[in-house]
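Encoded as structure tokens, the structure appears first; notes follow it.
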Amino acid sequence: MNRMLITGGAGFIGSNFVHHVINNTDYHVTVLDALTYAGNKASIESVLGDRAVFVHGNIGDSELVDRLMSGTDVIVHFAAESHNDNSLNNPRPFVDTNIVGTFTLIESARRHGKRFHHISTDEVYGDLELNDPNRFTESTPYNPSSPYSSTKASSDLLVRAWVRSFGLQATLSNCSNNYGPFQHIEKFIPRQITNVLSGIRPKIYGTGNNVRDWIHADDHSSAVLKIVERGEIGETYLIGADGEKSNLEVVQVILDAMGQPTDSFDFVEDRSGHDLRYAIDSSKLRTSLDWRPRYTNFEEGIVATITWYTENRSWWENDKRSVEETYRSRGQ
Ligand code: NAD
Ligand code: TDX
């Protein structure tokens, strides 16, 4: 069992996972990615070769998926439309990729009898009050808020039903907010870092009191690899690194690390339906699979991420103007 098909491997978390797998295992990897606006082959170019090949294609293409499925042992499924703001403006691609695309993959995986791991998000659980002492666990009821999170919740339920009804050999994981290298600059942390690098003030939605639970993408990768290799079929594992921070705190950490006054940001139009707080209890993963995060110092992780965006301007610079124009047109 050493051939792995990674969908969405040219995206943010997928590309970090491809690097992690090539550097830490002996798997042979096939990346399947449609190279949407969010995919960038340059993110994995340095590892393509004998042990990693790239296939440009859509997870909704059942003929292509069937062909790749027969030549793999395990599928790790990252491909998705991933940005909440985009899902509010144009939900259709979210339904097509996140729901129908996942359906196409699990139908093929069950026909071929292949091991499947489904990547999902803590957003399927909705949000928490700021003062709620509880955090999300594997038994928290689903209550998604946005078109994005509802399509991710739908895909989770499809995978669970395929396990129960058809015996699909699948595991699932729901992770909190990731940060690190190769993240598209539409997302919160890289948007603010590249704003400062471009002479633009960081932009905070609403009050800035919304809380996200941050984890470094490489810790997400190590957790997924553990679940793929040792997880129990049919089980869901929550992945998180106890990294709760308000958006205001995050922007202040970035400004401070980049030598700017910590009040040099703008408050902008809030997101419609904006989830207030996410927080993950990852006890099950830590206890049953003995997983621990390596990046436990958020400030250090942010400094390393700032360094990456500073040293890799060519990776993001061409997109900056159009991303900011889109945000400006929405008052954000
Ligand atoms: P991303 O948008 O950076 O990357 C998505 C990748 O999927 C891109 O390379 C894109 O080209 C590809 N893709 C999109 N539609 C496709 C299709 N129809 N066929 C083939 N490839 C397609 O997303 P990300 O932030 O890396 O998220 C990856 C996964 O992790 C998603 O399933 C997301 O729901 C989940 N997740 C993300 C976070 C986060 O903080 N970013 C947290 C928890 C879970
Ligand atoms: O400019 C901004 N200003 C701002 O205040 C942007 C882009 C965002 N925000 C806020 C909105 C959120 O409260 O920052 C927080 C994080 O925003 P995003 O980066 O858009 O992430 P989020 O909506 O929390 O979703 C992310 O984590 C869960 C990923 O994009 C999802 O794919 C994942 O499932």
Side-chain angles (χ1 to χ4, degrees), residues 6-17 31-41 43-44 55-61 64-65 76-88 93-94 96-98 100-102 104-105 118-124 127 144-146 148-149 151-153 155-156 173-180 182-192 195 202-215 217 220 224 238-240 245-248 250-251 265-271 273-278 280 323-324 327 330 332:
I6 302 177
T7 73
F12 164 44
I13 305 175
S15 63
N16 276 283
F17 185 71
V31 172
L32 171 61
D33 198 294
L35 296 180
T36 67
Y37 79 96
N40 190 342
K41 206 176 154 195
S43 306
I44 49 170
V55 176
H56 184 198
N58 198 302
I59 57 167
D61 178 345
L64 172 63
V65 164
V76 186
H77 172 37
F78 291 92
E81 285 293 336
S82 67
H83 195 35
N84 275 299
D85 293 325
N86 294 346
S87 81
L88 294 165
F94 290 74
D96 291 342
T97 288
N98 300 0
V100 183
T102 300
T104 308
L105 288 169
H118 180 63
I119 302 291
S120 193
T121 169
D122 58 359
E123 298 191 19
V124 300
D127 60 355
S145 316
S146 74
Y148 162 69
S149 53
T151 59
K152 290 300 291 186
S155 66
D156 293 11
S173 56
N174 296 73
C175 188
S176 62
N177 282 61
N178 285 221
Y179 73 97
F182 303 115
Q183 184 168 30
H184 195 278
I185 56 167
E186 69 187 353
K187 301 296 195 317
F188 180 50
I189 288 179
R191 183 185 181 201
Q192 313 314 340
N195 273 355
K203 309 291 179 213
I204 296 185
Y205 295 176
T207 61
N209 293 325
N210 303 64
V211 168
R212 296 294 182 264
D213 188 354
W214 294 99
I215 181 172
H220 189 178
V224 168
L238 261 55
I239 305 172
K245 292 253 177 305
S246 74
N247 293 339
L248 212 47
V250 171
V251 163
F265 58 81
D266 299 325
F267 287 112
V268 294
E269 194 67 35
D270 206 354
R271 172 183 287 171
H274 196 175
D275 279 339
L276 189 53
R277 172 175 164 239
Y278 307 135
I280 286 235
V323 167
E324 287 310 309
Y327 276 124
R330 300 176 193 155
Q332 295 179 320

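Every number for a ligand or one of its atoms is a count from 1 in the order of the listing.
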Does H184 come within less than 4.0 Å of ligand 1, judged by its heavy atoms?
no
Nearest non-hydrogen protein atom to atom 15 (N) of ligand 1, with distance, is T97 CG2, 3.5 Å
Is H274 in contact with ligand 2, taking contact as a heavy-atom separation below 4.0 Å?
yes
Could you see which bit of R191 sits under 4.0 Å from ligand 2, with heavy atoms only: side chain, backbone, both or neither?
side chain
So is G101 in contact with ligand 1, going by heavy-atom distances below 4.0 Å?
no
Out of curiosity, is Y148 lining ligand 1, as in a heavy atom under 4.0 Å away?
yes
Below 4.0 Å, non-hydrogen atoms only: which portion of Q332 touches ligand 2? Side chain, backbone, both or neither.
neither
Closest to atom 11 (O) of ligand 1 among protein heavy atoms sits D33 OD1, 2.6 Å
Check if T7 has a non-hydrogen atom at a distance under 4.0 Å from any atom of ligand 1.
no
Looking only at distance, does E186 have an N or O less than 3.5 Å from an N or O of ligand 2?
no
I'd like to know if A10 contacts ligand 1, where contact means a heavy-atom distance under 4.0 Å to any ligand atom.
yes
Looking at non-hydrogen atoms alone, which of I239, D213, I119 comes nearest to atom 35 (C) of ligand 1?
I119
Please say whether I204 places an N or O atom under 3.5 Å from an N or O atom belonging to ligand 2.
no
F94 vs Y148 aromatic rings, parallel, tilted or perpendicular, using cut-offs 30° and 60°?
perpendicular
Would one find an N or O of D85, backbone or side chain, under 3.5 Å from an N or O of ligand 2?
no
Would you call the rings of H118 and H77 parallel, tilted or perpendicular, where under 30° means parallel and over 60° means perpendicular?
tilted
Is there a donor-acceptor pair under 3.5 Å between the side chain of Y327 and the backbone N or O of E186?
yes
Can you confirm whether the side chains of S176 and D213 place a donor and an acceptor under 3.5 Å from each other?
no
Could you identify the single nearest non-hydrogen protein atom to atom 28 (C) of ligand 1 and state the distance to 0.1 Å?
F78 O, 3.4 Å
Tell me whether D122 has any N or O atom under 3.5 angstrom from an N or O of ligand 2.
no
Would you please say whether a donor-acceptor pair under 3.5 Å links the side chains of N210 and H274?
yes
Can you tell which part of K152 has a heavy atom less than 4.0 Å from ligand 2: side chain, backbone, both or neither?
neither
Give the atom numbers and elements of ligand 1 that come within less than 4.0 Å of a heavy atom of G8.
6 (C), 7 (O)
Under 3.5 Å between any N/O of K203 and any N/O of ligand 2: does that happen in this structure?
yes
Could you tell me whether some N/O pair between D275 and ligand 2 is separated by less than 3.5 angstrom?
no
How close does the nearest protein non-hydrogen atom get to atom 20 (C) of ligand 1, and which residue and atom is it?
A34 N, 3.3 Å
Enter the distance from S82:OG to I119:CD1 here, rounded to the nearest 0.5 Å.
13.0 Å
Nearest protein heavy atom with distance in Å, relative to atom 39 (C) of ligand 1
I13 CD1, 3.7 Å
